[in-house]
A.B. asks: 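Next up is a structure, given as structure tokens.
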Amino acid sequence: MDLQQLIAQWTGTRPPGFVPPAVPGTALPQCSHRRCRNKVAIKRDGTPAHACQDCLDRRARSCRRRRKALVATGGCRRCAYRPRLEGDFLCRRCRDDRDIERAQKRQDAIDAAVIDEFAAKPDRAHEPSNLDCGISPWNARSKPQASAAYWSPLPDPEPVSEQHWRWSPMNGKLHHRY
């Protein structure tokens with residue numbers, strides 16, 4: 001940023017070499033109302049309006065009077081044209097519009113709260129996972145499968161034919177515990 005412009009902003013003065021924009025006061029058209037010869041008003045965004053400020057104010061007062069009269073005769077307090085619902089001050093359409101606007105405001109408030117909550121969390125370092133190492137469920141080593149040997153009974157440590165202590169001297173048969 002230019003140092004002179006920065007100093008001008010701090011002091012509230014115009015920087016050297018500043019050329020003010022041309023004032024469009026001389027080239028403004030006339031008011032579009034029939035008996036008015038005034039220059040048109042300037043809108044907030046700087047563009048010329050279609051009528052002078054006096055005519056705009058007069059029309060606004062007229063619209064307010066007309067709406068007030070329509071509401072007094074049973075019109076909706078929001079749009080003033082459609083009849084009100086029983087025991088209510090809004091018509092069906094304005095009530096639906098208001099409910100939609102309230103729901104949108106509520107959702108906006110919820111979204112803002114979630115964003116604020118996320119922004120309030122401290123920044124954390126990245127927690128590494130297997131995905132950072134290039135391991136994924138698709139290229140990972142498969143889990144070991146149990147073979148048939150896992151489910152089969154273990155072999156005896158010594159064959160029964162070599163278990164001489166199990167032979168009974170009484171009858172020469174194999175001794176069973178049960």
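Values below: all heavy atoms of this structure, side chains included; hydrogens, waters and symmetry mates excluded. This one's a predicted model, so the numbers in the text were calculated from it and none came from an experiment.
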A.B. asks: Treating Ser32 as the side-chain partner and His50 as the backbone partner, does any N or O pair qualify as donor plus acceptor under 3.5 Å?
C.D. replies: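 It does hold such a pair.
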A.B. asks: If you apply the rule side-chain contact (heavy atoms from CB on, under 4.5 Å), what do you find for Cys94 with Arg82, and how did you get there?
C.D. replies: CA-CA 9 Å; Cys94 290; Arg82 290 180 289 276; 3.9 Å; yes
A.B. asks: Give me the atom names and distance for the closest heavy-atom approach of Glu158 to Glu162.
C.D. replies: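 That would be OE1-O, 4.1 Å.
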A.B. asks: Counting only heavy atoms not in Arg93, do more than 12 sit closer than 6.0 Å to its CZ atom?
C.D. replies: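 No, not enclosed.
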A.B. asks: For the SG atom of Cys52 and the CG atom of Leu28, what is their distance to the nearest 0.5 Å?
C.D. replies: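 Spacing of SG (Cys52) from CG (Leu28) equals 11.5 Å.
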A.B. asks: For the pair Gln30 and Val40, evaluate side-chain contact (heavy atoms from CB on, under 4.5 Å) and give the outcome as yes or no after the intermediate values.
C.D. replies: CA-CA 6 Å; Gln30 280 187 349; Val40 296; 6.0 Å; no
A.B. asks: When rounded to the nearest 0.5 angstrom, what is the spacing between CD in Gln4 and OG1 in Thr13?
C.D. replies: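 That separation rounds to 9.5 Å.
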A.B. asks: Hey, are the side chains of Glu101 and Gln104 touching, using non-hydrogen atoms and a 4.5 Å cut-off?
C.D. replies: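 SC-SC contact between Glu101 and Gln104 ruled out.
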A.B. asks: What closest approach, in Å, do Cys76 and Val71 show between heavy atoms, and which atom pair accounts for it?
C.D. replies: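 Heavy-atom minimum between the residues: O-CG2, 3.4 Å.
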A.B. asks: Please answer whether the main-chain N or O of Gly75 pairs with a side-chain N or O of Arg84 as donor and acceptor at a distance below 3.5 Å.
C.D. replies: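 At least one qualifying donor-acceptor pair exists.
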A.B. asks: Is Arg92 paired with Glu86 through a side-chain N to carboxylate O contact shorter than 4.0 Å?
C.D. replies: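 Answer for the salt bridge query: no.
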A.B. asks: A side-chain contact here means heavy atoms from C-beta on lying under 4.5 Å apart; do Arg78 and Asp97 qualify?
C.D. replies: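 Touching, per the 4.5 Å side-chain cut-off.
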A.B. asks: Can you tell me how far CG of Asp116 sits from NZ of Lys121, rounded to the nearest 0.5 angstrom?
C.D. replies: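 Between atom NZ of Lys121 and atom CG of Asp116 there are 12.5 Å.
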A.B. asks: About how many Å separate CZ of Arg37 and CZ of Arg35, when rounded to the nearest 0.5 Å?
C.D. replies: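 It comes to 10.5 Å.
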A.B. asks: Can you tell me how far apart CG (Asp99) and CZ (Arg102) are? Round to the nearest 0.5 Å.
C.D. replies: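 Rounded to the nearest 0.5 Å, the CG-CZ separation comes out at 6.5 Å.
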A.B. asks: Would you say Lys43 and Pro48 make side-chain contact, with heavy atoms under 4.5 Å?
C.D. replies: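 The answer is no, as the side chains (C-beta and beyond) never meet within the 4.5 Å cut-off.
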A.B. asks: Are any of the side-chain heavy atoms of Leu85 and Leu90 separated by less than 4.5 Å?
C.D. replies: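 Result no, sub-4.5 Å side-chain heavy-atom pair not found.
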A.B. asks: Backbone N or O of Arg58 within a donor-acceptor pair of the Ser62 side chain at under 3.5 Å?
C.D. replies: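 Such a contact is absent between Ser62 side chain and Arg58 backbone.
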A.B. asks: Using a 4.5 Å cut-off on heavy atoms from C-beta on, say whether the side chain of Pro83 contacts that of Cys91.
C.D. replies: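 The answer is no; the side chains never approach within 4.5 Å.
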A.B. asks: Let me confirm one number: the CZ-CG distance from Arg106 to Asp111, rounded to the nearest 0.5 Å.
C.D. replies: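 Here the interatomic distance stands at 12.5 Å.
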